[in-house]
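Just so we're clear, the structure is a prediction, and the values are computed from it rather than from any experiment.
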Amino acid sequence: MVVFETSAHYYRFFANESRRGGSPLYEKLSLGIADNVALQRLAAGRRKGQPAANLVFGAVQYLLLGGVDHPLREYYPSLGGTRPADDRAFELFAAFCGAHEAELVDIIAKRATNTNEAGRSALLLPAFDLVAREAASPLGLVEIGSSAGLNLNFDSYGYRYTDGNGAPKLERWTDADFVLSCILEGPGVPVLGMFPPPVSSRIGLELYPTDVRDENERRWLKALVWPERIDRLTKLDGALKVAAAHPPRIRGGDAVLNLASALAEIPPYQARCVYHTIMGYQLSGDQHRRINDILLEASKTAPVWRVTVEGEVAHPNPTETFNPLKVSRYFNGERRVKTLAICDPHGLSMEWKS
C-alpha cells in the first residue's frame with residue numbers, strides 16, 4: 001500500500017492514475033484539489049481505509065446523476081457533457097463543492113467505494129471453467145468483496161473474445177441479453193465448454209453490501225464510474241438489468257471473519273471456489289494471512305480453489321497496469337498456484353498463458 005506524506009501528494013498521485021485510467025477531467029480536478037486545503041478536508045470524515053478521491057468524485061457525480069442542475073455537468077460525458085477539461089472545470093467543481101458541502105460530507109461519511117466491474121467476468125469465466133472441469137463437480141462460489149455481486153451472475157452473460165482488430169477468436173452464448181467483449185492478446189486461447197460451468201450455490205461477502213434493487217444504490221455504483229468511461233457505464237447498466245432478474249445473495253459484515261462459515265455451508269458435492277478481484281489492496285497483511293490460513297485449514301477435508309485477479313505486473317506500456325489471473329488449489333493443507341493469464345484490471349483484455 002502506498003503511503004503519502006500529505007493530501008497534496010495523494011491527489012497528485014491520483015491525477016496520474018486518472019490520466020492512466022482515461023479521465024482527463026479527474027486529472028484536472030485532482031491537480032486542483034492538491035492545491036486546495038478546503039477541498040482536501042471534504043473526505044476527512046470518511047470510513048477507515050476508504051480512498052478519499054474516489055469518494056469525493058463519486059459523491060459529486062452522485063448528486064449530478066440525481067438531477068442537481070449545475071454548469072459543471074457540461075464536463076461530464078456520463079451526463080451528456082461535451083466540454084473538454086479546462087481550468088474552468090475546476091472553478092465550477094470548487095463552487096459546486098462549496099454550495100453542496102453538507103450533502104457531500106454526509107455522502108462521503110456513509111458510502112464506500114464498492115465499485116463493481118462486471119467486465120471482470122470475462123476474466124473469471126475461463127478460470128471457473130477450469131476449476132469445474134478439474135473438480136468434476138458443480139461450483140460453490142464465495143466472492144470476497146463482492147459489492148453488488150454482479151460477477152456472481154457471470155453465467156448469465158454472453159462472451160465475445162476477439163483479437164485487437166475486433167475479429168472473433170472465441171464466442172459463447174452471444175444471444176444473451178448482456179454480452180461482454182474482451183480482447184485476447186497473443187496466440188493463447190482459453191478452453192471453454194459449450195455450456196457455462198455449473199454453479200450450485202453462490203454467495204458474496206461484503207463489508208458494505210449494495211442492494212441492486214435500491215435505486216439510490218444503483219446510482220451510487222454509477223457515480224463511481226469515471227465520467228469519460230462510457231464503456232464501463234454501459235456494462236454496468238447491462239449487468240444491473242441481469243441482477244434485477246437474478247438478485248445476488250450478499251452477506252454483510254467482515255468478509256474475512258465470515259469466510260470460514262460460508263465455506264462450511266457449501267455441500268460436499270460442490271467444488272468450493274473462493275474468488276476476489278482487485279480488492280486485495282484494501283486488506284491488511286494480517287487479513288491476507290488469515291484468508292490463506294482459513295483455506296489451508298478447510299482443505300484438510302476436501303480441496304478448495306481460489307481464483308484471483310490481484311497485484312500488478314510489468315507491462316511494456318508504462319501507462320497501463322496489468323494483473324495476473326491465478327488459480328490456487330488448496331488440498332491437505334498445501335497450496336499449488338498457477339498463473340493463467342495477464343489481464344487488464346477491468347476485463348478489457350487478457351493474454352492467456354496457460
Within residues 206-217 or reaching into it, pairs that qualify as side-chain hydrogen bond (donor to acceptor under 3.5 Å, both in side chains) - sequence neighbours excluded: Arg111-Glu217, Asn114-Thr210, Asp211-Arg213, Asn216-Arg219
Any pair counted as side-chain hydrogen bond (donor to acceptor under 3.5 Å, both in side chains), so long as it reaches residues 40-59, sequence neighbours left out: Gln50-Thr113
Derivation of the side-chain hydrogen bond (donor to acceptor under 3.5 Å, both in side chains) call for Ser78 and Gln61: CA-CA 9 Å; Ser78 54; Gln61 189 167 206; 2.5 Å; yes
Nearest-0.5 Å distance that lies between atom CD in Glu228 and atom OG in Ser18: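 Result: 8.5 Å between the selected atoms.
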Approximate separation, where rounding is to 0.5 Å, of Leu150 CG and Glu143 CD: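 Reported value, rounded in 0.5 Å steps: 9.0 Å.
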Parallel, tilted or perpendicular, as decided by the 30° and 60° cut-offs, for the rings of Tyr159 and Tyr157: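 Judged by the thresholds at 30° and 60°, the geometry between Tyr157 and Tyr159 is tilted.
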Parallel, tilted or perpendicular: rings of Phe57 and Phe14 (30°, 60°):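 Tilted.
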Where the side chain of [X] meets the backbone of [Y], is there a donor-acceptor pair that is under 3.5 Å apart?
{"X": "Trp226", "Y": "Leu25", "result": "no"}
{"X": "Gln270", "Y": "Pro267", "result": "no"}
{"X": "Trp352", "Y": "Ile342", "result": "no"}
{"X": "Arg272", "Y": "Ala298", "result": "yes"}
{"X": "Thr174", "Y": "Gly158", "result": "no"}
{"X": "Ser23", "Y": "Gly21", "result": "no"}
{"X": "His288", "Y": "Gly280", "result": "yes"}
{"X": "Asn332", "Y": "Glu334", "result": "no"}

Same apolar cluster (I L V M F W Y, side chains within < 4.5 Å links), [X]/[Y]:
{"X": "Val179", "Y": "Leu240", "value": "no"}
{"X": "Val189", "Y": "Leu123", "value": "yes"}
{"X": "Leu257", "Y": "Val142", "value": "no"}

Min side-chain heavy-atom separation Met350-Pro126 under 4.5 Å: yes
Centroid separation Phe128 to Tyr275 less than 6.0 Å: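 Yes; Tyr275 has its ring centre under 6.0 Å from that of Phe128.
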Presence of salt bridge, Asp129 and Arg172, under 4.0 angstrom: no
Donor + acceptor pair across side chains of Arg19, Asn16 (<3.5 Å): yes
Distance-only side-chain donor-acceptor flag, Asp35 / Tyr11, under 3.5 Å: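 Their side chains do not contain a donor-acceptor pair, so the 3.5 Å distance test is not met.
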